[in-house]
Amino acid sequence: MSTQRTTGRRKQAVAAAAVVAALLSTAACGGGDDNNEGGSKSGAAGFDAANNKVAQASLAKKGGTLKFAAAQDADSWDTTRGYYGFMWNFSRYYSRQLVTNATEPGAKGAAVTPDLAEKTAKISDDGKTYTYTLRDGVTWEDGKPITSKDVKYGIERAWAQDVLSGGPIYLQQVLDPKKEYKGPYKDKSADKLGLKAIETPDDKTVVFKLPEANSDFEEMLALTSASPVRQDKDTKSKYGLKPFSSGPYKFQSYTPNKSLILVRNPEWKQASDPVRKAYPDKITVNFFTNANDMDQRLINGDYDLDLGQTGLSPQGRTNALKQHKENLDNPVSGYIRYAVFPQSVKPFDNEHCRKAVIYGADHESLQTARGGPVAGGDIGTNMLPPSVPGSEGQKYDPYESATTNKNGNVAKAKEELKACGKPNGFKTTIAVRNNKPVEVATAESLQASLKKVGITVDIDQFDGAQTTGIIGSPSNVKKKGYGIIIMGWGPDFPSVQGYGLPLWSSDYILESGNNNFALIKDKAIDGLFKDYTKELDDTKKAAISTEINHKVMEGGYYLPFVFEKFINWRSNRLANVYTTDGYSGQYDFVNLGLKK
């Protein structure tokens, strides 16, 4: 890509960020109160009315069609394989777990509450045994009861990584650290329920026996990957095309990358489900190939909200702030957006070459490309989100990215290049998702600033729905020469384990569906994670979290861009709408309704 075109886009991004900042300043004067039942003249609740509080709760009705728009499909709709945040949020329409996130706004939404289970776990004194009892009346979409064996089998599927890669593997690591179980598809036992760490003494009782205590275990059980799956309905690698429902909605039709339709599950009983209100009759998702087109359709009123929940594109948010700011919320997400350097791609096996990129980057330009300080977030100075205990926010800034070096430091970058044996620079490739304009703009910003220090960068765009097999495959990353990957990550649950384990632990390096893109194999970091899981004191846990973050940053594995904020759209038709920390600042999908 030519420098001229890149520079033009950067200037446009700067202008757009200035416009957004001015418009948000005006918008901040509006807004609504905590309930905001009346809303504005347009029917919307008001600017930031659903940001960590419930907007128009009493106006929700039973019935109607809730319409999602999306710029990309899920990585998978299979509860074992899905890892995108919006997939976890959306999948609660058709899947249940023993426990789940509370349907509350803000920080309260990150708490764990009973779902299929009558209560949260009965935990033994040594912290190694968790016992649950299933509620009465919980059923599958064909009316058959959900049993303890269905819960066990659903969890066992995470061991079948050769068939069902892509999802989180916390439970596999905690329940079977020696990797003795081979998964249900290779299970020699007659019932395919050979995982010894889970016992099912009767159809309503599930007992987990942990080899070692883990203070975050119940948080792991609240993830979608702990959903029950019935053996006779398991279509293995094809399960994501039509999952069998345990929730209030079931799949009517699904055409990948085009559309998804959910309809009511008539066998679901409200009395058995304290979490879900199931307001709409039907839920539709339409997938777009162009984010700007999608945003315009949202603004036109054709759809109710964005499935991806990563904010309007620069063009969309500028238009929306001018004309429909009462339809917008500006939450802080739990996400950090960043560049990461795979050590398998030379010269990024050398930490000084990695640090040359960090010092060579124009951090303010990267922030601007993501929308500026208001719409994009504060400059990222480290890799632990503000929502995770142990975070120091911008106070921890080892490369002075938000201060002295916010526009890059050419001299320091060249020092690092000399130290890594590349005094004249080098050439590499950035991998970036093609359906996220803001990520492409970020890649172009980084490309331009690195050119000043002698690092030449090509940009390779890929389909975001194919992440698992493209950047999630270390062999493919090495083959393609992806020295820089642009990505983002939010907590799976609010702890350093729930955020950083898949990114930084050597145990989480996978052949497919890998998220430890940097291929970090650091004994000190692995040891600190082990210390964390055994620690029960919250203050000590936070201190370990801080230390892990420092080790990661000292290794120069990441270039953080921003502690992210969003400008998110909600239509005039939505009721009972609020953002939740349980899903990193997204709207809580499961209890959205349409207005009376």
Spacing of CG belonging to Leu519 relative to CG belonging to Asp349, to within rounding of 0.5 Å: 11.0 Å
Polar contact flag, side-chain donor to acceptor under 3.5 angstrom, Asp75-Thr467: no
Closest non-hydrogen atom pair between Asn591 and Val275, with its separation: ND2-O, 2.9 Å
Side chain Asp362, main chain Ser449, donor-acceptor under 3.5 Å: no
By ring pair (Phe, Tyr, Trp, His ring centres under 6.0 Å) - contacts of Phe589 (at least two apart): Phe68
Polar side-chain atom of Tyr532 near backbone of Gly527 as donor-acceptor pair, under 3.5 Å: no
Minimal non-hydrogen separation, Ser445 against Ala369, with atom names: CB-CB, 4.3 Å
Backbone of Asn257 reached by a side-chain donor or acceptor of Asp73 within 3.5 Å: yes
Evaluation steps, side chain to side chain contact (heavy atoms under 4.5 Å, CB included), between Asn330 and Phe566: CA-CA 5 Å; Asn330 187 210; Phe566 297 138; 5.7 Å; no
Under 3.5 Å side-chain donor-acceptor pair for Ser313 and Asp295: yes
Nearest-0.5 Å distance that lies between atom CG in Leu171 and atom CD1 in Ile169: 10.5 Å
Aromatic contact, Trp77 with Phe90 (centres under 6.0 Å): yes
Aromatic Tyr359 / basic Lys412 pairing, under 6.0 angstrom, 45° off normal: yes
Side-chain donor or acceptor of Asn568 paired with backbone N/O of Gly311 under 3.5 Å: yes
Polar side-chain atom of Asn327 near backbone of Arg570 as donor-acceptor pair, under 3.5 Å: yes
Residue pair Arg317 / Trp569, side-chain heavy-atom distance below 4.5 Å: no
Whether Glu564 side chain and Ile336 backbone form a donor-acceptor pair below 3.5 Å: no
Lys422, NZ atom: more than 12 neighbouring heavy atoms under 6.0 Å: no
Test item: Glu351 side-chain N/O and Gly556 main-chain N/O as donor-acceptor pair under 3.5 Å: no
Ion pair Lys53/Asp329, N-O distance below 4.0 Å: no
Ile520 and Ile525: CA distance, side-chain angles, deciding distance, side chain to side chain contact (heavy atoms under 4.5 Å, CB included) verdict: CA-CA 9 Å; Ile520 298 171; Ile525 291 173; 4.1 Å; yes
Any side-chain heavy-atom pair of Tyr335 and Pro385 under 4.5 Å: no
Matching residue for Leu559 among Ile486, Leu366, Val340 - test: side chain to side chain contact (heavy atoms under 4.5 Å, CB included): Leu366
Salt-bridge present (Lys523, Asp526; N to O < 4.0 Å): no
Donor + acceptor pair across side chains of Ser215, Lys541 (<3.5 Å): yes
Full working for side chain to side chain contact (heavy atoms under 4.5 Å, CB included) between Lys480 and Thr429: CA-CA 8 Å; Lys480 293 279 192 179; Thr429 299; over 6 Å; no
Show me the side-chain donor-acceptor pairs of residues 101-110 shorter than 3.5 Å, one per line, residues at least two apart or across chains.
from, atom 1, to, atom 2, distance (Å)
Asn101, OD1, Tyr583, OH, 3.4
Asn101, ND2, Gly109, O, 3.3

Contacts of type side chain to side chain contact (heavy atoms under 4.5 Å, CB included), residue Lys521, not counting sequence neighbours: Ser506, Ile509
Ring pair (Phe, Tyr, Trp, His ring centres under 6.0 Å) involving Phe86 - partner list, sequence neighbours excluded: Tyr84
Asp492 versus Tyr83, side-chain donor and acceptor atoms under 3.5 Å: yes
His363 side chain to Ile358 backbone, donor-acceptor under 3.5 Å: yes
Side-chain touch Tyr482/Ile470, heavy atoms, less than 4.5 angstrom: yes
Distance-only polar pair, side chains of Asn549 and Asn382, donor-acceptor under 3.5 Å: yes
Centroid-centroid distance, Tyr170 to Phe493, less than 6.0 Å: yes
Test item: side-chain donor near acceptor, Thr224 and Ser91, under 3.5 Å: yes
Salt bridge (Lys or Arg N to Asp or Glu O under 4.0 Å) evaluation trace for Glu416 with Arg354: CA-CA 8 Å; Glu416 296 291 349; Arg354 301 194 293 268; over 6 Å; no
Any donor-acceptor pair under 3.5 Å from Trp489 side chain to Tyr499 backbone: yes
Pair Tyr338 and Tyr558, ring centroids less than 6.0 Å apart: yes
Distance-only donor-acceptor check, side chains Asn214 and Gln497, under 3.5 Å: yes
Qualifying residues under side chain to side chain contact (heavy atoms under 4.5 Å, CB included), relative to Asp507, sequence neighbours excluded: Gln173, Ser505, Lys530
Sub-4.5 Å side-chain heavy-atom contact between Glu511 and Ser473: no
Within-4.5 Å side-chain heavy-atom neighbours: Phe462 and Asn434: no
Considering all heavy atoms, the nearest Met383-Pro560 contact: SD-CG, 4.0 Å
Any side-chain heavy-atom pair of Asn515 and Tyr508 under 4.5 Å: no
CG-CG distance between Leu298 and Leu312, expressed to the nearest 0.5 angstrom: 7.0 Å
Working for side chain to side chain contact (heavy atoms under 4.5 Å, CB included), residues Asn407 and Ser365: CA-CA 7 Å; Asn407 297 119; Ser365 174; over 6 Å; no
Residue pairs passing the side-chain hydrogen bond (donor to acceptor under 3.5 Å, both in side chains) test where at least one lies in residues 385-394, sequence neighbours excluded: Glu392-His550
Polar side chain donor-acceptor pair, Asn89 to Gln586, under 3.5 angstrom: yes
Least distance between heavy atoms, Ile567 atom then Ala375 atom: CG1-CB, 3.8 Å
Pair Glu439 + Arg337, salt bridge at N-O below 4.0 Å: yes
Closest contact, heavy atoms only, Glu218 versus Val112: CG-CG1, 4.1 Å
Any side-chain heavy-atom pair of Asp78 and Leu164 under 4.5 Å: yes
Donor-acceptor pair, side chain of Arg433 and main chain of Asp463, under 3.5 angstrom: no
Closest non-hydrogen atom pair between Ile430 and Ala443, with its separation: CD1-O, 3.8 Å
Any side-chain heavy-atom pair of Phe529 and Leu501 under 4.5 Å: yes
